[in-house]
Amino acid sequence: VGKYLFFTADDGAHGEELWKLDTESPDASASLVEDLWPGPEGAEPHELQATGPTSGVFIYRTDHGQQLMRVDTEGGKVALTPYPRLKNVP
């Protein structure tokens, strides 16, 4: 999405979370986007899908089931925006 490659990873401290790799950076280092589920368990993001050249969506675990999240990379910055809560999603 944009210049970023998004993926899930578990660094041992945050559990499985959303990470990004700047494909235009010469050092190509990965970084945690946001610790959506603080602690060692992680939010277990999945179903990552690009929805346009600078946007995408994924689903992650919450206390109440699953949450759909939008990723925007307009202007080279990463912004996460939750969609309204999904009801009755296991």
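Throughout, numbering of the chain's residues begins at 1 and tracks the sequence.
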Flag, side chain of [X] to backbone of [Y], donor-acceptor distance under 3.5 Å:
X   : Y   : value
E17 : L36 : yes
D11 : A13 : yes
R61 : G42 : yes
S55 : D72 : no

Between D22 and K3, does a side chain to side chain contact (heavy atoms under 4.5 Å, CB included) hold up when you go through it step by step? CA-CA 6 Å; D22 184 340; K3 67 178 188 169; 3.2 Å; yes
Can you check side chain to side chain contact (heavy atoms under 4.5 Å, CB included) on L80 and Y60, steps first, answer last? CA-CA 12 Å; L80 299 179; Y60 72 98; over 6 Å; no
Would you call the rings of H14 and W19 parallel, tilted or perpendicular, taking 30° and 60° as the class edges? perpendicular
From E34 atom CD to K20 atom NZ, the distance as rounded to the nearest 0.5 Å: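 Nearest 0.5 Å value for the CD-NZ distance: 11.0 Å.
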Distance in Å, D10 CG paired with E41 CD, rounded so as to fall on 0.5 Å steps: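 Taking CG in D10 and CD in E41, the distance rounds to 11.0 Å.
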Would you say E47 and F58 make side-chain contact, with heavy atoms under 4.5 Å? no
Below 4.5 Å, heavy atoms only, C-beta onward: do L48 and L18 meet side chain to side chain? yes
Working for side chain to side chain contact (heavy atoms under 4.5 Å, CB included), residues V71 and Y4: CA-CA 11 Å; V71 179; Y4 297 105; over 6 Å; no
If hydrophobic clusters are built from ILVMFWY residues whose side chains come within less than 4.5 Å, do [X] and [Y] share one?
X   : Y   : result
V57 : I59 : yes
F6  : L32 : no
L21 : V1  : no

